Amino acid sequence: MRNVILLFAALFFCTHPAFAGDPGQDFWTLVEIRKENWEIDDQATKIAADLRADKLSAAQAETLWLILHRKSEKLRDRSEPFESGEQPEVAKEVTKMLRLQVTRLKGLIEAAQVESKSGVEAARPLWQKQLRSYKAYQAQEQKVLDLMNWVEENP
């Protein structure tokens, strides 16, 4: 009987990984980095909407996106060291998301520069390219969110 109880106890503990505890400080720092990136994304999207609504010139949008680009680079640089920390999978996906954000902002800046110098028609292919870039970024952002939710629920 004692052996049966020990067997059930062992099986119970093997099927309940929630006893592992908190995912760790690295994880929570990466969550904060993700939240800061969301703010950058919201601002970048608002700038694009204001540009299309003629509330901003392309030159003004370029200046604002340049500021956001620098912030994104700093976030990327903050996330990279965590790739060898407690949550390397999460950190790698966050860093990939931030690299896509940096690329997106770089492309928006380039498109705004072309529009400022040569007009909307000349910049149209660059704007279309940015839509594809933004979709890749959004897919990665969703992947990061799903992964973080999973880690939080299964520490």
Side-chain angles (χ1 to χ4, degrees), residues 10-53 55-56 58-116 120 122-155:
L11 289 174
F12 176 78
F13 285 109
C14 289
T15 60
H16 288 80
F19 293 116
D22 186 50
Q25 187 56 45
D26 285 6
F27 176 78
W28 297 114
T29 302
L30 290 166
V31 168
E32 286 303 314
I33 289 171
R34 185 200 74 211
K35 288 179 181 179
E36 290 177 42
N37 182 61
W38 277 354
E39 292 174 20
I40 291 170
D41 184 45
D42 290 346
Q43 291 174 14
T45 301
K46 183 183 180 320
I47 293 166
D50 288 350
L51 177 62
R52 291 299 143 230
K55 293 180 182 177
L56 289 174
Q60 291 169 317
E62 175 188 345
T63 301
L64 295 172
W65 281 325
L66 187 57
I67 294 166
L68 296 177
H69 181 264
R70 287 187 198 121
K71 287 181 181 180
S72 279
E73 286 180 323
K74 287 179 183 176
L75 287 179
R76 182 202 58 213
D77 292 345
R78 277 181 49 203
S79 73
E80 287 175 341
F82 292 103
E83 291 183 11
S84 60
E86 298 168 355
Q87 296 285 342
E89 306 85 17
V90 176
K92 287 176 185 175
E93 296 301 328
V94 168
T95 301
K96 183 177 179 183
M97 176 187 69
L98 292 167
R99 284 185 183 124
L100 288 168
Q101 179 77 294
V102 167
T103 300
R104 171 186 175 230
L105 288 163
K106 192 174 184 180
L108 288 169
I109 292 165
E110 182 182 335
Q113 288 171 339
V114 170
E115 184 172 320
S116 291
V120 176
R124 189 172 309 278
L126 294 172
W127 291 122
Q128 290 171 346
K129 181 179 176 184
Q130 287 318 299
L131 287 175
R132 292 187 300 274
S133 176
Y134 187 55
K135 287 179 184 179
Y137 163 77
Q138 284 181 317
Q140 183 63 25
E141 182 182 44
Q142 186 61 51
K143 185 176 181 180
V144 165
L145 184 59
D146 291 344
L147 181 59
M148 285 184 163
N149 286 335
W150 186 88
V151 168
E152 192 172 1
E153 293 169 5
N154 302 287

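Computation of the quantities below employed the complete heavy-atom set of this structure, encompassing side-chain atoms and omitting hydrogens, waters and symmetry-equivalent molecules. Worth saying up front: this structure is predicted, and the values here are computed from it rather than measured.
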Residues Tyr134, Leu100; criterion side chain to side chain contact (heavy atoms under 4.5 Å, CB included); working and verdict: CA-CA 8 Å; Tyr134 187 55; Leu100 288 168; over 6 Å; no
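- In this structure the side chain of Leu98 never reaches within 4.5 angstrom of the side chain of Glu80, judged on heavy atoms.
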From CA spacing to verdict: side chain to side chain contact (heavy atoms under 4.5 Å, CB included), Gln101, Leu75: CA-CA 10 Å; Gln101 179 77 294; Leu75 287 179; over 6 Å; no
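- Lys46 and Asp42 are not joined by a salt bridge, as no carboxylate oxygen comes within less than 4.0 angstrom of a charged side-chain nitrogen.
- Going from atom NZ of Lys35 over to atom CD of Glu39 covers 10.0 Å, rounded to the nearest 0.5 Å.
- For the pair Arg76 and Glu73, the minimum side-chain heavy-atom distance is below 4.5 Å.
- The distance from the CD1 atom of Ile67 to the CD1 atom of Ile47 is 8.0 Å, given to the nearest 0.5 Å.
- Judged purely by atom type and a 3.5 angstrom limit, Asp26 has no side-chain atom pairing as donor or acceptor with the backbone of Gly85.
- Closest approach of Lys55 to Gln60, counting heavy atoms only: O-OE1, 4.4 Å.
- Closest of all the heavy-atom pairs between Ser79 and Leu30 is CB-CD2, 4.2 Å.
- In terms of heavy atoms, Asn37 sits closest to Ser72 at OD1-OG, 4.2 Å.
- Contact detail for Ala61 and Leu51: the closest heavy-atom pair is CB-CD2, 4.2 Å.
- Looking at Val151 and Met148, their side chains never come closer than 4.5 Å, going by heavy atoms from C-beta outward.
- The side-chain heavy atoms of Trp65 and Leu68, taken from C-beta on, include a pair separated by under 4.5 Å.
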Worked check of side chain to side chain contact (heavy atoms under 4.5 Å, CB included) between Leu105 and Tyr137: CA-CA 11 Å; Leu105 288 163; Tyr137 163 77; over 6 Å; no
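- You'll find the side chain of Arg124 reaches within 4.5 Å of the side chain of Val120, heavy atoms only.
- Taking each heavy atom of Ala59 and Ser116 in turn, the nearest pair found is N-OG, 3.3 Å.
- Contact check on Lys96 versus Glu83 returns no salt bridge, with no Lys/Arg side-chain nitrogen under 4.0 Å from an Asp/Glu carboxylate oxygen.
- In terms of modelled atom types and a separation under 3.5 Å, the side chain of Thr29 and the main chain of Gln25 share a donor-acceptor contact.
- One finds the CG atom of Leu64 at 10.0 Å from the CD1 atom of Ile109 (value rounded to the nearest 0.5 Å).
- Taken to the nearest 0.5 Å, the CZ atom of Arg52 stands 5.0 Å off from the CH2 atom of Trp127.
- Between Arg78 and Glu36, at least one side-chain nitrogen of the basic residue sits less than 4.0 Å from a carboxylate oxygen of the acidic one, meeting the salt-bridge criterion.
- Of all the heavy atoms in Gln87 and Pro23, the pair that sits closest is NE2-O, 3.2 Å.
- Glu93 contributes no side-chain N or O that, together with a main-chain N or O of Gln140, makes up a donor-acceptor pair within less than 3.5 Å.
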Residues Glu110, Gln130; criterion side chain to side chain contact (heavy atoms under 4.5 Å, CB included); working and verdict: CA-CA 10 Å; Glu110 182 182 335; Gln130 287 318 299; over 6 Å; no
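- Atom CD in Glu89 sits 7.5 Å away from atom NZ in Lys92 (nearest 0.5 Å).
- Side-chain contact between Glu152 and Val31 is absent, with no heavy atoms from C-beta onward closer than 4.5 Å.
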